[in-house]
Amino acid sequence: MNETQSQNCSVLLIDDEAMAEDLIGYHMTRQPGIRLRYDRRAELAVSLCRDSAATVVLVDLRMPGADGFDVIRMLRAQPDTEHVPIVLLSSEDDADIKAQAFALGANDYLVKWPEARELEARIRYHSAAYLTLLQRDAAFRELRQREEELRVSQAALQQAQKMEAIGQLTGGVAHDFNNVLQIISGNLHLLRLVGNVSPQGKARIENALAGVDRGARLAAHLLAFARRQPLQSAVVDLTPVLADMDDMLRRALGPRAVVDTDIAPQLWNTEVDTGGLNNVILNLAINARDAMQGEGKLTIRARNLAAGAPQLSHIGEGDCDYILIEIADTGSGMPEDVVLRAFEPFFTTKPTGQGTGLGLSMAYGFVKQSGGEIALQSEVGVGTCVQIFLRRSEHAAIAEAPTPTPALIGGVETILVVEDEEAVRTATVDLLTTLGYRVLSSDDAGQAMDLIDGGAEIDLLFTDVIMPGRVSSLELSEMVLRRQPNAKVLFTSGYAEGVLSHDGKLLPGVHLLQKPYNAETLSARIRHLLRQHSSTSAA
């Protein structure tokens with residue numbers, strides 16, 4: 001028992017005789033830390049105990065109406081008063097009455113009127129014991145709360161670790177898959193270029209190239225989930241970006257679905273890859289269409305959330321401004337166990353052949369890589385709402401330049417191709433040669449450096465990012481630019497490499513062509529860089 005507890009006594013005295021207050025109060029109210037409340041209404045014992053925050057109740061045994069035994073029963077029947085110490089006061093020193101009192105739950109029994117110092121000592125003792133009990137219970141509640149918070153944190157950590165492990169696996173698979181697709185794509189484009197193919201053969205080539213494109217989109221979804229997709233982020237105004245998607249979403253959902261766009265005025269700017277964001281929203285809309293079986297209502301909402309907004313509390317981000325984009329449907333909804341796994345790649349509740357299970361996982365990876373947060377709320381029979389939180393940018397929006405349609409363009413410049421995958425290297429060299437370029441090739445960066453050291457003059461270096469050997473592709477590019485400052489460098493990779501990016505965003509001045517690329521895209525990128533080369537040389 002500590003000193004604070006012994007001095008913090010709130011005493012409730014219930015007695016039908018007013019003189020009891022004088023007898024007890026004369027001494028008690030003069031003692032430090034003791035407060036006394038008197039009342040004659042025994043039937044109100046519970047409410048009186050609560051109102052006075054009593055730590056000890058003194059109650060007379062014999063009273064008209066409810067007596068001391070009734071008071072004990074009433075207090076012990078309520079959860080918030082069942083442990084408050086009760087001292088029964090009686091003029092009878094009877095063993096049977098005492099036994100009955102203790103059986104009902106009394107903590108003490110005193111014959112009227114005890115000596116003041118003894119009564120004070122008993123009051124302080126029972127009060128301190130009760131306060132200790134309250135502290136113990138509070139400590140246990142806090143412990144249970146901390147244990148629950150720890151359990152939730154551990155579950156979140158395990159989920160994050162699982163998602164990270166799956167991301168590493170899918171990123172590696174997608175990288176190798178893109179290399180395979182590049183071999184197929186390169187040879188198909190070569191076959192189409194060399195001619196002498198029958199109309200039936202051309203049709204089969206186009207079908208095969210369509211399959212490559214489909215595989216590339218699948219790999220892109222995997223890379224987005226793994227956060228290995230290079231982002232061409234820029235500061236944008238989301239209002240026109242979201243408004244321009246309205247027609248596309250209506251076509252994707254079909255005539256029986258209703259699309260409602262609710263964009264708050266004066267949305268803040270954010271830094272994001274608009275192409276990736278469009279892809280995310282489109283995939284979520286297609287998921288919603290399937291959940292609604294083609295009919296229902298899809299709502300796209302966007303609004304600003306200032307730091308400290310209640311909506312940010314459940315994502316643990318309360319000190320930053322965000323733009324919230326919500327994609328809500330009136331579909332079938334998901335049970336809790338499905339919600340917990342919804343972001344996992346290839347997890348789907350759809351029948352075989354009716355979905356890849358990559359729509360939500362791609363959205364998860366893209367938003368995380370963009371520095372935002374994503375949350376999922378769903379209720380069976382009501383619908384699903386995906387919430388995307390993107391950080392506010394204080395910078396002005398950058399106008400997006402129109403992207404020209406790639407055309408197959410050749411040239412006569414010298415290009416050094418560095419690629420360790422022989423089949424990819426061969427197809428790329430043959431394609432560039434067919435387009436008229438003079439092509440040098442190497443299967444690693446060290447050998448390519450030897451070519452440069454040997455006097456080879458090049459206009460453009462086209463190199464894979466991850467290369468075996470003692471020299472990295474980045475070191476090779478730096479050496480080439482030191483020796484030949486006017487040369488241009490174009491990297492290629494099956495996924496975004498850390499050596500070229502920061503937080504998944506390409507470093508300024510880095511040019512990256514994602515595998516698998518087609519002949520038109522490759523020729524357009526090379527031609528664009530070589531035009532810069534010509535301008536620099538002329539200057």
Side-chain angles (χ1 to χ4, degrees), residues 1-13 28 31-37 44-59 71-87 102 104-108 120-164 305-320 322 335-337 339-343 368 373-379 387 389:
M1 179 193 311
N2 59 48
E3 187 66 23
T4 302
Q5 290 174 333
S6 68
Q7 292 184 357
N8 186 20
C9 304
S10 176
V11 182
L12 171 62
L13 172 61
M28 295 303 166
Q31 306 310 310
I34 296 181
R35 302 190 310 276
L36 178 67
R37 176 172 178 177
L44 300 181
V46 173
S47 60
L48 292 170
C49 185
R50 290 169 178 162
D51 293 344
S52 62
T55 60
V56 176
V57 175
L58 304 179
V59 59
V71 169
I72 296 173
R73 293 188 187 96
M74 286 187 286
L75 293 177
R76 293 296 177 251
Q78 301 300 318
D80 57 336
T81 61
E82 64 175 329
H83 297 299
V84 176
I86 302 172
V87 179
F102 288 124
L104 289 174
N107 297 81
D108 210 339
E120 178 190 348
R122 289 176 183 266
I123 287 174
R124 291 192 186 277
Y125 171 79
H126 289 302
S127 177
Y130 176 61
L131 292 174
T132 300
L133 176 66
L134 293 181
Q135 289 178 351
R136 185 205 66 182
D137 291 346
F140 276 122
R141 285 195 298 271
E142 183 177 2
L143 177 61
R144 285 194 292 270
Q145 180 183 349
R146 295 290 181 265
E147 288 176 342
E148 177 61 19
E149 292 173 354
L150 178 61
R151 186 193 65 78
V152 172
S153 298
Q154 287 176 335
L157 176 60
Q158 290 171 356
Q159 179 71 2
Q161 289 173 335
K162 179 177 71 173
M163 298 292 271
E164 183 66 24
L305 292 180
Q311 296 92 330
L312 298 175
S313 60
H314 70 280
I315 64 168
E317 294 289 342
D319 57 350
C320 296
Y322 281 84
E336 185 177 355
D337 60 324
V339 171
L340 291 174
R341 299 190 60 194
F343 289 127
K368 288 286 191 178
E373 296 292 337
I374 186 168
L376 180 64
Q377 298 176 353
S378 189
E379 184 176 346
Q387 297 178 310
F389 301 83

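We use all heavy atoms of the structure for the numbers below, so side chains are in, but hydrogens, waters and symmetry mates are not.
Taking the charged nitrogens against the carboxylate oxygens, Arg151 and Glu147 have no contact shorter than 4.0 Å, which rules out a salt bridge. Arg144 and Glu148 are not joined by a salt bridge, as no carboxylate oxygen comes within less than 4.0 angstrom of a charged side-chain nitrogen.
At least one side-chain heavy atom of Arg124 sits less than 4.5 Å from a side-chain heavy atom of Ile34. Met28 has its side chain out of reach of Leu13: every pair of non-hydrogen atoms, C-beta onward, lies at least 4.5 Å apart. In this structure, the side chains of His126 and Tyr130 stay at 4.5 Å or more apart for every pair of heavy atoms. Residues Arg122 and Val87 are not in side-chain contact: their nearest non-hydrogen atoms beyond the backbone lie 4.5 Å or more apart. Between Val57 and Leu48 there is no side-chain heavy-atom pair separated by less than 4.5 Å.
Here the closest non-hydrogen pair linking Leu12 and Ser52 is CB-OG, 4.1 Å. The minimum heavy-atom distance linking Ala106 with Ile72 is given by the pair CB-CD1, 3.8 Å. Heavy atoms only, all atoms of each residue included: Val71 and Ala45 are closest at CG1-CB, 3.8 Å. Summarising the geometry of Arg76 relative to Glu82, their closest heavy-atom pair is NH1-O, 2.9 Å, with the distance given to 0.1 Å. Here the shortest heavy-atom pairing between Leu376 and Ala342 reads CD2-CB, 3.5 Å. Looking at every heavy atom in both residues, Thr55 comes nearest to Cys9 through OG1-CA, 3.6 Å.
Note that CD of Gln135 and OG1 of Thr132 are 5.5 Å apart. Values are rounded to the nearest 0.5 Å. Rounding to the nearest 0.5 Å places CZ of Arg141 at 13.0 Å from CZ of Arg146. Within the model, atoms CZ of Arg50 and OG1 of Thr81 stand 6.0 Å from one another, a figure rounded to the nearest 0.5 Å. Here the CZ-NZ distance, from Phe343 to Lys368, works out to 9.0 Å after rounding to the nearest 0.5 Å. Taking CG of Asp108 as the reference point, atom CZ of Phe102 lies at 6.0 Å (rounded to 0.5 Å).
Of the candidates Asp80, Ile86, Leu75, Leu75 is the only one forming a side chain to side chain contact (heavy atoms under 4.5 Å, CB included) with Cys49.
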